Engineer: 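I have a structure I would like to understand better, so I am pasting it below and will then ask my questions one at a time.
These numbers come from a predicted model, not from an experiment. Letters A, B, ... mirror the listed sequences (proteins, then strands); counts begin at 1.
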Amino acid sequence: MSGYNQEDSPLGNRGNVPEKSFLESLSDDGLLDYITGLSQERSEQYSREDYFHDKQRRQDRQDQEFRERYGDGCDIFSGVSIYVNGFTKPGRMQLHEMVIANGGKFAHFLSSKGQVSHIIASNLPLKKRVELANYKICRPEWIVDSLQRGKLLPWQDYALLSDQDEIQPKLQPTTIVSCKHPEFLKQFFSKSRLHHLSNWKSDLRAEFCEKFLEKPLHIPSKNDDITVFHIDFDCFFASVSAMANGFDIHADPIVVCHGTKNSDIASCNYEARRYGIRNGMWVGTAERMMPGGKRLVRLGYDFDQFELMSKRFYQILHDSQFQLVLPISIDEAVCIAGNLSHMECDSICQRIREHVSSVTNGCTVSIGCANSLVLARLALKWSKPNGYRIVNCDELDATFWSNLKIDDLPGVGRSLAYKISEYSNPPIGNLCELRQMTLDSLQRCVGEKMGNKIYLAVRGKDDEESGKIIYDPKQFFQRKSLSIDINWGIRFDTIYEIDQFIDRCTQYLIDKLKELNKKTSQLTLKIMKRSKDESIEPPKYLGMGKCDPFARSTRLGVPTDEFGIITTEIKSTFRSLCCPPKELRGIAIQFNKLENSVSNQSKLPFVDAKIYQNLPNDVKGEIDQELNRRKIKVKATAAKRINSYQEQFIQELPTQIRNEVENEIIITNKAKRTKFDEIKEQIAKRQNEKMNAKAHFLGETTVLLPIKFQNQTNFKRIIQLILNWVDGTIRSRGPHEKDLKLFEKYLQRLSDANRLPLVLRICKLISTKLELRSELFSHCNGFQEWERVLLQIILPKLNKNKHTFQTVRKLDIDFDT
DNA sequence: GTCGGCTTTGAG
DNA sequence: CATCGCTCAAAGCCGAC
């Protein structure tokens, strides 16, 4: 063993030391050898390879001697030449001995000439795996076991599989779940970048609002001088994934994606962009853009890592003493400070960029800084990648504007950019030219609001709407709707399967809704239906392909968070859209109008915190136990408790304004009074409307005249009419006989025309209505009469024709009782 | 002109 | 193997009064 020098000696085995430069990696002796080699007569080129070959030859001679001295003549590794990568068990030294003593060769480096037959490694970072993709890579046990068994075992049995992309699928081959599987949603979302983006965004917004409640923030007023910092990671996903997998983001062209061909590129680095590759492209397209044979590195998503880096990023911003840190997304924020000098801005930008880079292992952010949102945004465009730019109003020259494209403006995308550029002749190409357009012609081109916004933007000013994020951030970040969209993997055969899917989606939304302590009073169902000219299976695996969208919304009389009501409504709406189950490619459910749930907690028993605090200590212990057992909470009585009369009054209000009223009551008396006047007016108006509808319906010229039905195509209005009719008669004597006859005729016509979904819809709406009203009016004659109508008149219409439905079973469950 | 429902657009 | 095309908000548009 004495023949081994330090570098090569197994005694000097350094395990998986981080990679060093070639020279750094040499031992003192090795370095001397190398220098000797360089200085020797070979005047041409003495390369790294040459050096290694020389060394390998010397090594082989030593190995041969070793074998002759210690070997037992066994040559099971004959023809095998191994290279050990990284830390292994047994270690490099032992493996070396095992192999050379039994007829094999041991390579100390990987040459390009292919002398190495197998690579031995216990684990391999992704970067290495990509590099070594053409080698046979196996675990050290292959050597050990082969020795033990006295023969060369098949290396394939010991092939090294990566823990992420190769072992996992083998361990769980059943993870392929179709949309019919209960776990589909969960699985899909766990891998969807867009879902993550959306979720992160709403989490950040919610967090902002919570902080607001804890400690009201200092909001600048519109007259204050402000400085806006728009801070954004450079190709966030690509940077983080590259870092996590040991790639240099500046060296290779890198894309983040799932697949190989028709998979979306979520993020690509600037190296890849040099070849024209862009986010959102398909991988196949991108690969074709690479110049001859140059490799495009594909990396997977690491959502946990994205989240972690973002957290560190935001931590820095929060620690930076800004007036406001406004979250835009996982990798982007707008920070507001007071009036600052250019120097101060400069040092802030530098400090933040350095700081972020150091806590994210080298990910870079770019920063745009100015005194308006739109200018900060444009400065950010200028600064990318890996830079910052501070813009003063007075340096806004032609150079600044003419190097910006129309769709660099916030809120201007492909469609608007096209509209604008084509609007004048010659076409407008940059912002300098766009600045010439008058407000009037801009508004004629893109609409009133957008025209105004753009007009101001190219003058460096924010419009009213854009400013809201600064001047009323709490309102801006308030959630106004809640929805779920799935447009991938949707392939159903029967409407029954779709019903189940709707159930799951609804449950998903309701869980969130309850978490938010909200209720909804308007639902929208949007579906994607395969276009007539689109093939059954589009190019993208399980993609939606070209589709036609259809949307329909319904209003619920009373806000609700009940699963049954909502899912029934959605299913019935789905039927009204008449989409054959097999043609469905996407589905979205939205809760449009959210209202605060009237706190159930206040109705539950609770102990006033004041009273609780004053209890003698020995009693407290006992009480605690009991309270716990009963799940009763100790709670401070609301200081601003509205009296019960008012509360009751509010409950009676139209839901849209209830929220406002509750807030208003808590504010000043004056505001309260004016608001009440307004509300009274509105109530009067609404009552009037109801009366009108009722009168109309009950009068001689009822809308339900069959002749009118034939021409009446607006089913929604009819529905509204019917619901008003129910509402208007439920607390008195029920429907008038004459109206009922007309109604029955209408149903019959629908039924005859095979418009069963419409009948079903009417039926479900009425039953929902009754359900909602049952608490208050179930004792009324009108209510009971309507129940009778539903069961004896409407349902038979459905059941008589139920064979025309695909979901016979569903109908039985819902109505036959 | 206003209202409400549906569509379109853009954002990250 | 493929592949994971979400989800929010605002504005425009159109038909009904």
Engineer: Does the ring pair (Phe, Tyr, Trp, His ring centres under 6.0 Å) test come out yes or no for A:Phe313 and A:Phe236, once each step is laid out?
Structural biologist: CA-CA 12 Å; A:Phe313 166 67; A:Phe236 182 59; 8.1 Å; no
Engineer: Are A:Phe233 and A:Phe306 close enough that their ring centres sit under 6.0 Å apart?
Structural biologist: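 Distance test on ring centres: not under 6.0 Å, no.
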Engineer: Quick one: is A:Asn199 getting a side-chain N or O under 4.0 Å of the C:dC6 phosphate, OP1 or OP2?
Structural biologist: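 Checking C:dC6 against A:Asn199, no side-chain N or O comes under 4.0 Å of OP1 or OP2.
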Engineer: Measuring from the side chain of A:Met544 (C-beta onward, heavy atoms only), which nucleotide among C:dT7, C:dT3, C:dG5 has the closest atom?
Structural biologist: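 Of C:dT7, C:dT3, C:dG5, C:dG5 is nearest to the side chain of A:Met544.
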Engineer: Given C:dT3, B:dC6, C:dC4, which nucleotide is nearest the side-chain atoms of A:Ser192?
Structural biologist: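 Shortest atom-to-atom distance from the side chain points to C:dC4.
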Engineer: Is the closest basic N to carboxylate O distance between A:Arg585 and A:Glu534 below 4.0 Å?
Structural biologist: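 Salt bridge flag = no for A:Glu534 with A:Arg585.
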Engineer: Do A:Glu465 and A:Lys468 meet the salt-bridge criterion of a basic N to acidic O distance under 4.0 Å?
Structural biologist: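 Salt bridge between A:Lys468 and A:Glu465, a charged N being under 4.0 Å from a carboxylate O: yes.
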Engineer: Remember a base hit wins even if backbone is also touched, and classify A:His195 as base, sugar-phosphate or nothing at under 4.0 Å, heavy atoms.
Structural biologist: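 Sugar-phosphate: the residue A:His195, judged by heavy atoms under 4.0 Å, touches backbone atoms but no base.
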Engineer: Using a 4.0 Å heavy-atom cut-off across all strands, classify A:Val446 as base, sugar-phosphate, or nothing.
Structural biologist: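 The answer is sugar-phosphate, as A:Val446 gets under 4.0 Å only of primed atoms, P, OP1 or OP2.
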Engineer: Strictly below 4.0 Å: does A:Lys468 bring a side-chain N or O up to OP1 or OP2 of C:dA9?
Structural biologist: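 For A:Lys468, the contact criterion (side-chain N or O under 4.0 Å from OP1 or OP2 of C:dA9) is not met.
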Engineer: Look at A:Lys449 and C:dA11 and indicate whether a side-chain polar atom (N or O) is within less than 4.0 Å of OP1 or OP2.
Structural biologist: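 Yes, such a contact exists.
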Engineer: For a quick test of reading the model: is some side-chain N or O of A:Thr260 closer than 4.0 Å to OP1 or OP2 of C:dT3?
Structural biologist: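 So the side chain of A:Thr260 is within the cut-off, an N or O lying under 4.0 Å from OP1 or OP2 of C:dT3.
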Engineer: Just wondering, do A:Trp488 and C:dG5 stack (centres under 5.5 Å, planes under 30°)?
Structural biologist: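 Aromatic stack with C:dG5 absent for A:Trp488.
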Engineer: Would you mind checking if A:Arg193 and A:Asp264 are paired as a salt bridge, meaning a charged N to carboxylate O distance below 4.0 Å?
Structural biologist: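 Looking at A:Arg193 together with A:Asp264, the answer is yes, because their closest N to O distance falls below 4.0 Å.
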Engineer: Scan A:Arg377 against the nucleic acid and name what it touches under 4.0 Å (heavy atoms): base, sugar-phosphate only, or nothing.
Structural biologist: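 It contacts sugar-phosphate atoms only.
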Engineer: Take A:Phe229 and A:Ile336 through the side-chain contact (heavy atoms from CB on, under 4.5 Å) test and state the conclusion after the steps.
Structural biologist: CA-CA 6 Å; A:Phe229 294 82; A:Ile336 309 294; over 6 Å; no
Engineer: Which one, C:dC6, C:dC8, C:dT3, comes nearest to the side chain of A:Asn487?
Structural biologist: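 That would be C:dC6.
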Engineer: Among B:dC6, C:dA9, B:dG12, which nucleotide has an atom closest to any side-chain atom of A:Leu194?
Structural biologist: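 That would be B:dG12.
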Engineer: Grab the CG-C1' distance between A:Leu204 and B:dG12 for me, whole Å please.
Structural biologist: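 The answer, rounded to whole Å, is 11 Å.
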Engineer: Should A:Ser481 be listed as having a side-chain N or O under 4.0 Å from OP1 or OP2 of C:dA9?
Structural biologist: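 For C:dA9, OP1 or OP2 has a side-chain N or O of A:Ser481 closer than 4.0 Å.
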Engineer: Rounded to whole angstrom units, what separation is found between the CD atom of A:Gln475 and the C1' atom of C:dA10?
Structural biologist: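 The distance from CD of A:Gln475 to C1' of C:dA10 comes to 13 Å, rounded to the nearest Å.
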Engineer: Taking atom C1' of B:dG5 as reference, at what distance in whole Å does atom CD of A:Gln522 sit?
Structural biologist: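 Result: 8 Å.
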Engineer: Side chain of A:Arg479 only, please: which of B:dA11, B:dG4, C:dC8 is the nearest?
Structural biologist: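 Of all the options, the side chain of A:Arg479 is nearest to C:dC8.
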Engineer: Flag the pair A:Arg530 and A:Glu583 as a salt bridge only when some basic side-chain nitrogen lies within less than 4.0 angstrom of an acidic carboxylate oxygen.
Structural biologist: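 A salt bridge is present here (some side-chain N lies under 4.0 Å from a carboxylate O).
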Engineer: When you get a sec, tell me which of C:dC4, C:dC8, C:dT7 is the closest nucleotide to the side chain of A:Asp264?
Structural biologist: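 Per side-chain heavy atoms of A:Asp264, the pick is C:dC4.
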Engineer: Determine the contact category for A:Gly447: base if any of its heavy atoms lies under 4.0 Å from a base atom, sugar-phosphate if only primed atoms, P, OP1 or OP2 are that close, otherwise nothing.
Structural biologist: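 Answer is sugar-phosphate: A:Gly447 comes under 4.0 Å of backbone atoms only.
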Engineer: Mind listing the residues from residues 412-421 of chain A sitting with a heavy atom below 4.0 Å of DNA chain B? Number order is fine.
Structural biologist: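 The stretch gives A:Val412, A:Gly413, A:Arg414, A:Ser415, A:Leu416 as the residues lying under 4.0 Å from the strand, ordered by number.
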Engineer: Between A:Ser190 and C:dC4, is there a side-chain N or O to OP1/OP2 distance below 4.0 Å?
Structural biologist: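 No.
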Engineer: If you count heavy atoms of other groups shown closer than 6.0 angstrom to CD of A:Glu464, is the number above 12?
Structural biologist: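 No.
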Engineer: Rounded to whole Å, please give me the gap between CZ in A:Arg491 and C1' in C:dT3.
Structural biologist: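 Between C1' of C:dT3 and CZ of A:Arg491: 11 Å.
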Engineer: Between C:dC4 atom P and A:Asn262 atom CG, what is the distance in whole Å?
Structural biologist: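 To the nearest whole Å, that distance equals 9 Å.
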Engineer: Among C:dT7, B:dG12, C:dG5, which is the nearest nucleotide to the side chain of A:Glu332?
Structural biologist: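 The closest nucleotide is B:dG12.
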Engineer: By the 4.0 Å heavy-atom rule, please label A:Gly545 as base, sugar-phosphate, or nothing.
Structural biologist: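 Base contact - A:Gly545 has a heavy atom under 4.0 Å of at least one base atom.
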Engineer: Donor-acceptor pair, distance only, cut-off 3.5 Å: does the side chain of A:Ser441 make one with the backbone of A:Met437?
Structural biologist: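 Not confirmed, A:Ser441 side chain does not pair with A:Met437 backbone.
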Engineer: Is the phosphate of B:dG12, meaning OP1 or OP2, less than 4.0 Å from a side-chain N or O of A:Arg193?
Structural biologist: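 A:Arg193 to B:dG12 OP1/OP2: no side-chain N or O under 4.0 Å.
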Engineer: Rounded to whole Å, please give me the gap between CD in A:Gln443 and P in C:dG12.
Structural biologist: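 One finds 10 Å between P of C:dG12 and CD of A:Gln443, rounded.
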Engineer: Any side-chain N or O of A:Ser553 under 4.0 Å from OP1/OP2 of B:dG4?
Structural biologist: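 The answer is no; no side-chain N or O of A:Ser553 sits under 4.0 Å from OP1 or OP2.
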Engineer: What is the distance, rounded to the nearest whole Å, between atom CZ of A:Phe476 and atom P of C:dC8?
Structural biologist: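 Taking atom P of C:dC8 as the reference, CZ of A:Phe476 is at 14 Å.
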Engineer: Is there a donor and acceptor pair closer than 3.5 Å between the side chain of A:Ser198 and the base of C:dC6?
Structural biologist: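 In this structure, the two groups form a donor-acceptor pair.
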Engineer: Find which nucleotide of DNA chain C each of A:Ser202 and A:Gly451 is nearest to by heavy atoms, and output the residue with the more 5' nucleotide.
Structural biologist: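 Nearest nucleotide further toward 5': that of A:Ser202.
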Engineer: Checking contacts here: which listed nucleotide (C:dT7, B:dC6, C:dG5) is nearest the side-chain heavy atoms of A:Tyr508?
Structural biologist: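 Selected nucleotide: C:dT7.
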Engineer: Consider the side chain of A:Ser329, meaning its heavy atoms from C-beta on, and name the nucleotide among C:dC4, B:dG12, C:dA9 that approaches it most closely.
Structural biologist: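 Side chain of A:Ser329 sits closest to B:dG12.
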Engineer: In whole angstrom, what separates A:Gln590's CD from C:dT7's P?
Structural biologist: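 Checked: the CD to P distance equals 11 Å.
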Engineer: State whether A:Arg414 and A:Asp407 are salt-bridged, where the test is any N-O pair (Lys NZ or Arg NE/NH1/NH2 against Asp/Glu carboxylate O) under 4.0 Å.
Structural biologist: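 Salt bridge flag = no for A:Asp407 with A:Arg414.
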Engineer: Which residue, A:Asp463 or A:Gly259, contacts DNA chain C at a nucleotide closer to its 5' end, judged by nearest heavy atom?
Structural biologist: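 Looking at the nearest nucleotide for each, A:Gly259 comes out on the 5' side.
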